[in-house]
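I have placed the structure first, in the form of structure tokens, so that the comments after it can refer back to it.
Numbering of residues begins at 1 and proceeds along the displayed sequence.
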Amino acid sequence: DPGFHSDHLITFAIDPLLSGYTPERALRLFDDLYRRLRSVPGVSSASSARQPLLTGDVNMSAYEVEGYQNSEGKHVTLQRNAIGPRFFSVMGIPLMAGREFDDSDSGRSQRVAIVNQTLAKKYFGGRDPLGLHITTAGREKKPVTAEIVGVVKDSKYDDVRESPKPFLYRPAAQDESPGTRTLWRRRCRKLR
């Protein structure tokens with residue numbers, strides 16, 4: 001069980017920056033693509049991710065987790081992905097607490113994040129992570145703090161044989177470099 005549903009799912013990747021799009025124009029293109037894909041007859045939903053699932057394409061960064069300090073006092077390194085609105089609904093990854101990203105999570109809105117169950121358990125222990133914060137650390141130019149608004153069930157990211165790992169999701173619209181995105185659209189099951 002990879003933790004997501006692969007049935008009735010169509011995927012493709014595009015990189016508008018290769019065609020001369022500015023990051024701002026690329027974000028508008030993705031918003032338009034979501035809207036247009038969702039309006040296609042037979043499509044129930046559409047979203048995207050910076051790193052496609054189960055490809056071994058891993059993005060990791062250093063973070064400070066509110067209320068957590070490891071024994072060495074160093075930052076924690078987490079796997080992360082920038083995803084589009086309703087990504088978890090499209091992929092069939094259950095939301096355990098809080099909310100999913102939606103169209104209101106833009107580059108102009110408050111910075112938000114969603115964590116998986118393993119991250120919540122490891123770094124927040126018995127505390128409820130909703131409303132707490134996670135901040136970029138390390139070599140980032142300017143630290144960015146995001147409020148945790150959701151917790152999702154663990155799923156596989158790199159390989160189907162991997163053990164659950166702490167994972168952080170950010171809204172793609174708040175990603176500073178949109179670049180290549182893999183888009184998914186879920187077709188409705190045929191009605192009898």
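With contacts defined as side-chain heavy-atom distances shorter than 4.5 Å, the pair Asp105/Arg99 qualifies. Between Tyr123 and Ile134 there is no side-chain heavy-atom pair separated by less than 4.5 Å. Residues Ser48 and Tyr34 meet the side-chain proximity criterion, which asks for heavy atoms closer than 4.5 Å. Side-chain contact between Lys121 and Gln117: absent, with no pair of heavy atoms (C-beta onward) separated by less than 4.5 Å. Counting heavy atoms from C-beta on, the side chains of Val115 and Phe167 never come closer than 4.5 Å.
Summarising the geometry, atom OG1 belonging to Thr77 is positioned 10.0 Å from atom OH belonging to Tyr63; distances are rounded to the nearest 0.5 Å. Separation of atoms CD (Gln174) and OG (Ser106) is listed at 7.0 Å; rounding is to 0.5 Å. Expressed to the nearest 0.5 Å, how far CD of Gln79 lies from CG of Leu119 amounts to 11.0 Å. A distance of 9.0 Å separates CG of Asp154 from CE of Met96, quoted to the nearest 0.5 Å. Going from atom CG of Asn116 over to atom NZ of Lys122 covers 11.0 Å, rounded to the nearest 0.5 Å. Between the CG atom in Leu95 and the NZ atom in Lys153 there is a gap of 12.5 Å [rounded to 0.5 Å].
The closest donor-acceptor contact from the side chain of Glu100 to the backbone of Pro85 lies at 3.5 Å or more, if one exists at all. The backbone N or O of Ile83 sits nowhere less than 3.5 Å from a side-chain atom of Asn81 that would complete a donor-acceptor pair. A donor-acceptor pair under 3.5 Å is formed between the side chain of Ser109 and the backbone N or O of Ser104.
Remark: aromatic rings of Tyr169 and Phe101 are distant, center separation not under 6.0 Å.
Between Arg35 and Asp32, at least one side-chain nitrogen of the basic residue sits less than 4.0 Å from a carboxylate oxygen of the acidic one, meeting the salt-bridge criterion.
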Checklist entry - Arg111 and Glu147: side-chain contact (heavy atoms from CB on, under 4.5 Å), yes or no, with the steps? => result CA-CA 6 Å; Arg111 302 290 181 193; Glu147 179 178 329; over 6 Å; no
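For the residue pair Arg86/Ser45, the side-chain donor-acceptor check at 3.5 Å is not satisfied.
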